[in-house]
Amino acid sequence: MTIRELKHNLENNIVVNQFMIFRADELFTPQQYVIKIAELSNKLINDCTLDMLVNDSDMFGENELTLDVCYLDDLDEFIDNMQDKTYKIIVTKKISDPSTKIKYSDNIIEFNKLEEWMLKDYAYSLLPTVDRKNIDWMLEAAGYNIYRIQSELDKLLIFEDVLRDDLLSDLRANGMFSDISTFTIFSFTDALIIKDKQKVLAILKEIENIDIEAVGLVTVLYKNLKNIISIQLGKNPTPESTGLKPNQFAAIKYRINKYNTAQLMKVFEVVTTIDYRLKNGEMPADLIIEYLYLNLLLA
Amino acid sequence: MIGQDALKEYLNKSNLDTFPRTLMLLGEDGCGKHLFCSMIAEKFNMSLINITDNLKMETLDSIMTSANVNLYVIDGYDITIKEQNVILKFLEEPLKNVYIAILGYNKNQFLDTIANRCQVMTFKPYTNEELKGFIDFECDIDKLLRIARTPGRIKILKDYNMSEYYSLADKIISKLSISNYANALTLYEKIPGVKDDKKIFQIFLNVLTYVARDKILAEDSNVNYLWYESIVDLCKKAQVANVDYKYLFDNFLSNMWRKVKVNDN
């Protein structure tokens with residue numbers, strides 16, 4: 001079967017029940033296929049890579065409930081451990097021995113390397129309302145690494161359509177961060193601004209292990225708060241008077257009045273104190289996020 | 001160099017063997033520390049190399065292997081503790097061809113272990129007569145000399161209209177209580193020249209201090225004292241290395257807006 005045929009079957013919800021060997025340089029695309037196959041087969045994915053490595057003869061026992069998948073660097077090292085069973089997929093980077101290729105030619109599906117144009121098409125399809133120059137910038141900043149791209153797309157898709165293009169434009173124009181963890185910063189600050197405790201907690205869990213630039217968090221939060229203040233507390237605010245673009249102005253209007261006037265001032269003072277406290281040694285950088293959470297959400 | 005006769009005399013009497021290898025030059029911003037370093041380099045025929053932006057162990061390694069006699073200058077104004085520890089390594093192992101000048105405002109900016117390893121030379125405050133020698137443009141000299149006490153600061157203010165600073169400072173103190181909060185937070189951008197040179201902010205703080213003091217002399221009121229104390233506190237905070245002046249000033253304005261509104265009510 002070719003990848004085209006497999007894709008066609010999956011797109012038409014045809015369950016594929018045969019032993020397959022996915023040959024690919026990177027795992028992202030094969031993994032998407034595995035997920036889809038499992039979904040259509042109504043099975044749980046069972047990663048039995050370790051079983052394969054320790055040569056457990058029961059590893060591919062019949063199990064109606066699971067789709068067994070193995071991830072290998074070189075198939076030929078473990079070829080003797082394989083059995084032709086249904087509901088099994090092997091994902092491998094390399095098939096060295098030509099005789100293996102011949103023997104399993106009907107089962108091997110070759111995944112092409114993800115080219116830049118493919119990644120662009122993918123991103124464009126998910127962000128139809130965003131300026132493609134901004135998307136291209138994001139792809140380049142992510143190094144055309146599909147994992148990074150997917151991670152950043154997931155975060156960007158949290159925001160409403162109208163905000164996505166502005167977010168990317170802002171980042172691009174300011175050129176402040178080369179590290180795309182800024183999207184994480186935006187998700188977090190956005191959740192703080194709209195006082196969405198659940199979202200904040202969810203993002204906190206997610207960013208626990210990410211090396212987020214805490215000072216960058218303060219910069220973005222400061223900017224967001226100033227924009228909100230200019231509209232919520234400004235006298236007859238308009239895009240012209242606030243210096244915001246019309247769609248930015250419209251988007252930010254959705255975010256006002258989550259804090260009342262006194263709270264907003266207090267929150268602003270909390271954020272503008274952080275830089276001094278950091279540089280004065282009063283507060284370590286790794287406490288910034290908790291500090292913001294406590295002071296902003298409990299304001 | 002106008003003024004600083006003691007320093008100039010010391011330099012004139014020194015030779016390469018007697019001149020200290022590690023020097024700490026302390027003085028207000030714009031007092032002539034860099035100029036003095038140039039004078040040292042010229043007298044002893046050294047190359048002047050500023051390594052402030054390259055305070056890493058790799059830089060020290062390359063310095064150690066240099067055959068030339070060089071004066072290495074470090075601007076210590078915004079220096080972090082980590083960078084100071086790198087300098088300490090540098091100071092602990094001085095080489096024959098290496099002369100080091102660390103520049104700063106005062107000794108408190110530096111670890112004791114660094115200051116103890118340096119010959120400390122402090123620039124004396126300039127007299128009015130000495131400073132007048134640097135004023136070659138039209139201005140209110142008295143007002144200028146109140147806020148610019150070094151040649152460097154006088155030079156910065158040459159390009160700006162000083163009365164605008166006084167006018168803005170006066171407006172802030174007199175009118176913050178009746179201003180709109182959102183508008184008040186735009187005041188940092190209204191300081192002339194602050195976007196181009198952040199040293200202007202330090203000069204503006206001097207202006208703010210003098211205007212607040214003059215208001216107390218004119219009217220001995222609680223709110224005037226509040227302004228003066230708050231500005232003095234702001235000036236202290238602005239001395240912290242690398243602090244962002246925009247956040248600091250916005251925080252100050254937000255605080256003052258709330259306090260003066262309460263006072264008015």
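A note on names: the letters A, B, ... follow the listed sequences, proteins ahead of strands, and every chain is numbered from 1. This one's a predicted model, so the numbers in the text were calculated from it and none came from an experiment.
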Shortest non-hydrogen contact between Ser230(A) and Ala182(B), atoms and distance: CA-CB, 4.0 Å
Proximal to chain A - members of residues 163-171 of chain B, heavy-atom separation under 4.5 Å: none
Donor-acceptor contact below 3.5 Å, side chain Lys226(A) vs main chain Thr186(B): no
Separation between NZ of Lys235(A) and OG of Ser179(B), rounded to the nearest 0.5 Å: 11.0 Å
Intermediate values then yes/no, side-chain contact (heavy atoms from CB on, under 4.5 Å), Ile229(A) and Leu185(B): CA-CA 9 Å; Ile229(A) 287 168; Leu185(B) 295 182; 3.9 Å; yes
Contacting moiety of Val243(B), where chain A heavy atoms sit under 4.5 Å: both
Within 6.0 Å of OH in Tyr228(B), more than 12 heavy atoms from elsewhere: no
CD1-OH distance between Ile274(A) and Tyr247(B), expressed to the nearest 0.5 angstrom: 9.5 Å
Residues Asp244(B) and Tyr276(A): side-chain donor-acceptor under 3.5 angstrom: no
Straight-line distance of Thr273(A) OG1 to Lys237(B) NZ, nearest 0.5 Å: 7.0 Å
Thr272(A) versus Asp250(B), side-chain donor and acceptor atoms under 3.5 Å: no
Which atoms of Asn183(B) approach chain A - backbone, side chain, both or neither, heavy atom under 4.5 Å: neither
Exam field: side chain Asn251(B) to backbone Glu269(A), donor-acceptor pair closer than 3.5 Å: yes
Non-hydrogen atoms of Asn242(B) and Lys279(A) that approach each other most closely: O-NZ, 2.8 Å
